[in-house]
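One structure is given below, encoded as structure tokens.
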Protein chains: 4
Amino acid sequence: MPKKPGRPRSERARQAILKAAYNLLIEDGVGRLTIEAVAARAGVGKPTIYRTWANAGELAMAALMARPAAEPSLAATASPLDDLQRQVCQVIDIFSSLRGRQIARMMAASESDSELSKAFRNRIILKCREEGRAILLRAQALETVRRDLDVEVVLDLIYGPIFYRLLVGHGTLDDRFGREIVRSLKEGMVATT
Amino acid sequence: MPKKPGRPRSERARQAILKAAYNLLIEDGVGRLTIEAVAARAGVGKPTIYRTWANAGELAMAALMARPAAEPSLAATASPLDDLQRQVCQVIDIFSSLRGRQIARMMAASESDSELSKAFRNRIILKCREEGRAILLRAQALETVRRDLDVEVVLDLIYGPIFYRLLVGHGTLDDRFGREIVRSLKEGMVATT
Amino acid sequence: MPKKPGRPRSERARQAILKAAYNLLIEDGVGRLTIEAVAARAGVGKPTIYRTWANAGELAMAALMARPAAEPSLAATASPLDDLQRQVCQVIDIFSSLRGRQIARMMAASESDSELSKAFRNRIILKCREEGRAILLRAQALETVRRDLDVEVVLDLIYGPIFYRLLVGHGTLDDRFGREIVRSLKEGMVATT
Amino acid sequence: MPKKPGRPRSERARQAILKAAYNLLIEDGVGRLTIEAVAARAGVGKPTIYRTWANAGELAMAALMARPAAEPSLAATASPLDDLQRQVCQVIDIFSSLRGRQIARMMAASESDSELSKAFRNRIILKCREEGRAILLRAQALETVRRDLDVEVVLDLIYGPIFYRLLVGHGTLDDRFGREIVRSLKEGMVATT
DNA sequence: ATCTAAGCGAGACGGTACGTCACGTCTTGGG
DNA sequence: CCCAAGACGTGACGTACCGTCTCGCTTAGAT
């Protein structure tokens, strides 16, 4: 049992810091998240923050990750394409919120390839992608979709456009868009003479 | 002609600032671009920078925009889908460079809805989209693709995945990916019995 | 003309800083003199302080030096020993004040041999010593005191005891002490049989 | 005897702390003596230090006091003035060492009138003064020096100059100086016609 | 032979001040 | 009126120590 000596880290402080950081993040955006403000709001000393997180970016990711991913996975039905449709709309719903936009910006802005940065991307950004992959693989098993499909590419075709509109802001992000994405992929675009 | 009195702004200073900003941007990334560093490298006073650009973000966008968009539009051939294919690969080629990544991050990170921010998005990010739209419309005219296609959605399906991979980094960004995007859209994914 | 370019240092800021530092020094002592407190009280940014003084010690010395040495030199009379007597009492009077104690402590505490540190010692601590030397030399010229006197040693015998009592606090520091110093030196201590 | 329950304080820890503090004091000076550094060097927890000493100043004094006063008292001879001469030179020798300078600075810098502070002054700074007083009183008894001498003032005239030169640094501190002090006091300075 | 109170090392805690950096503005003298 | 230079007040940075507070572990006198 390699139990560490010394006073253990305070769980109360950790929670207070993450909560304060999360609230500041939602209220003011990533750019305004300062360690000083977090420390003040959490009633905590700055070194206590730095002891756990190396900089504001890491703290921000941790604060966003600490929140439960929330939305439960959707139940699988007999129609995988319907499942996919519903899941896409759910993803759009989540990311079109204020928090969703913040998350997307943060991911795009984070330059570092730190461990935490990767974890953030995997846990937050790519989670929905994995759900989609599961649905697609099931659809392939049921022969609802073609077996020779490059699943990874299709996943990019599904979720890419969502982040595209989210970050660039050139088009609305709503259910209709979600339905159009899936419909277009189903049908392809070549003219059927 | 209400010619302004006083000394006119120095074109030399403007060029030096943009060049210095561009180099710092490429070398160190958006986060490290400070007005002070630009001023020092350009041999220019800080107020000279602020006289033209309101903050570091604007300057960064201006520095990126000042560079010629480079790649000439591709010539149109008889096969719009081939044109689209080639254009997509060109876009991938441009944005997979270091500069391309910086541009994408900058766009994603910029929170403001300022005039310059919009101009940046229109001129840099959406420029390739417009090229794609022209190709698609021509394809519709030639009945190479279906007339009832929602062109905007298809454009998102084409370019969204590119930015998705660029920003999240979960997959490679190469010609093969470009070809797969176009192929998938052409064919759709439903099993053909 | 090697005139420096750029905005000149603000004399107003300099004065405000020195005044604030002086007041804090008198109120709270050397140990409590923080750059932050000085900046706050002077209505000045910390960098403005650091631009001129490297640390709190230098600022403290500068603050004490900035004040006019105050006490005018005493007029010389026909009796140099009387002059000496009066000057010694004046020195005691000055250094037995709160400010005097602070000055003495500061001098004793300053470890560095910086330029400013030396200037401080010369201007503040040794100033009275020079006055005494002038008196003694005049006394030698008038043959009021012995010509073979080691003047420097005698000066130490005069002013040393004052700082000794000031810093150690084992005895009172008053006019009587000043008179006793001079009397003892005049007379020597060996028993005259 | 209400002997205290619980584990007794560790003598080993006490020694380690005092030794570490002393070494840091000699190496880096009073200003650099931090509790953290002492704890680290002594291999001791900070609370163990605070349990015995209230702050860094007290610890510093304790560390200096813990060392044996070293120099043995000089044997008394038939000539008290010779004894005085030798004792003065010994004092100069002790305080002109690095440790001596640190001690003097510490005394001058300590603002507090705490019990320990007084003890420090009595035990370290005034100890030599008491030796001198004993010699002077013996000299008075032997009528080697005048009976009407104000002994306390003469003691200040003897030891004051030493600390004066030690702290201000305007003159050398050597045997010659010690001899000059005693000689000057013996002879007085008035011209003998 | 246990119980129990205090000391032990380690180290996290809420703080304060540090000295630095960059911000965006202002103020010089000189084109 | 613009230019370079650079000082200004501001505010956040990340670090060093402060003096206090748990931790789990001795250590020894009292039970």
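Naming: A, B, ... by sequence-line order, numbering from 1 per chain.
- A pairwise comparison of heavy atoms in Met65(C) and Arg123(C) identifies O-NH2, 3.5 Å as the closest pair.
- Only at 4.0 angstrom or more do the heavy atoms of residues 16-26 of chain A sit from any atom of DNA chain F, so none qualifies.
- Judged by distance alone with a 3.5 Å cut-off, a donor-acceptor contact links the side chain of Lys46(A) to the base of dG14(F).
- For Ala60(C) against Met106(C), the heavy-atom pair with the smallest separation is CB-CE, 3.2 Å.
- Scanning all heavy atoms of the two residues, the minimum distance from Asn55(B) to Glu58(B) falls at OD1-N, 3.0 Å.
- Toward the 5′ end of DNA chain E lies the nearest nucleotide of Thr48(D), the other residue of the pair Thr48(D) and Arg7(C) mapping further downstream.
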### Task
Please lay out, stage by stage, how Leu59(C) and Leu18(C) fare under the test side-chain contact (heavy atoms from CB on, under 4.5 Å).
CA-CA 8 Å; Leu59(C) 174 55; Leu18(C) 289 174; 4.2 Å; yes

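- Of all nucleotides listed (dG24(E), dT27(E), dA17(E)), dG24(E) comes nearest to the side chain of Tyr50(B).
- Arg105(C) places no side-chain N or O within donor-acceptor distance of the main-chain N or O of Gly29(C), the cut-off being under 3.5 Å.
- Across the protein-nucleic acid pair, Lys4(A) atom NZ and dC25(F) atom C1' stand 18 Å apart, rounded to whole Å.
- The CG-C1' distance, from Leu59(D) to dG19(F), rounds to 14 Å in whole Å.
- Here the P atom of nucleotide dT27(E) and the CZ atom of Arg51(C) are 15 Å apart, to the nearest Å.
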### Query
Where do Trp53(B) and Ile35(B) land on the side-chain contact (heavy atoms from CB on, under 4.5 Å) test, with the steps shown first?
CA-CA 10 Å; Trp53(B) 300 277; Ile35(B) 299 290; over 6 Å; no

### Task
Check the pair Arg41(A), Glu27(A) against salt bridge (charged side-chain N to carboxylate O under 4.0 Å, His left out), reporting the backbone distance first and the verdict last.
CA-CA 13 Å; Arg41(A) 184 185 277 224; Glu27(A) 288 170 20; 3.0 Å; yes

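- Summarising the geometry, the separation between CG on Leu33(B) and P on dC23(E) is reported as 8 Å, rounded to the nearest angstrom.
- Of the possible polar contacts, none joining the Arg99(B) side chain to the Leu25(B) backbone as a donor-acceptor pair under 3.5 Å is found.
- Remark on DNA chain E: of its neighbouring residues Arg9(D) and Glu11(A), the 5'-side contact belongs to Arg9(D), judged by nearest-heavy-atom nucleotide.
- If you check dA16(F), dA10(E), dT28(E) against the side chain of Pro47(D), the one that comes closest is dA10(E).
- For DNA chain F, the neighbouring residues in residues 34-45 of chain A, judged by any heavy atom under 4.0 Å, are Thr34(A), Ile35(A), Glu36(A).
- Atom CZ in Arg12(D) sits roughly 13 Å away from atom C1' in dT27(F) (whole-Å rounding).
- Following rounding to the nearest Å, Ile49(D) (CD1) and dC21(F) (P) show an atom-to-atom distance of 17 Å.
- Residues Ile49(C) and Val44(C) are in side-chain contact: their nearest non-hydrogen atoms beyond the backbone lie under 4.5 Å apart.
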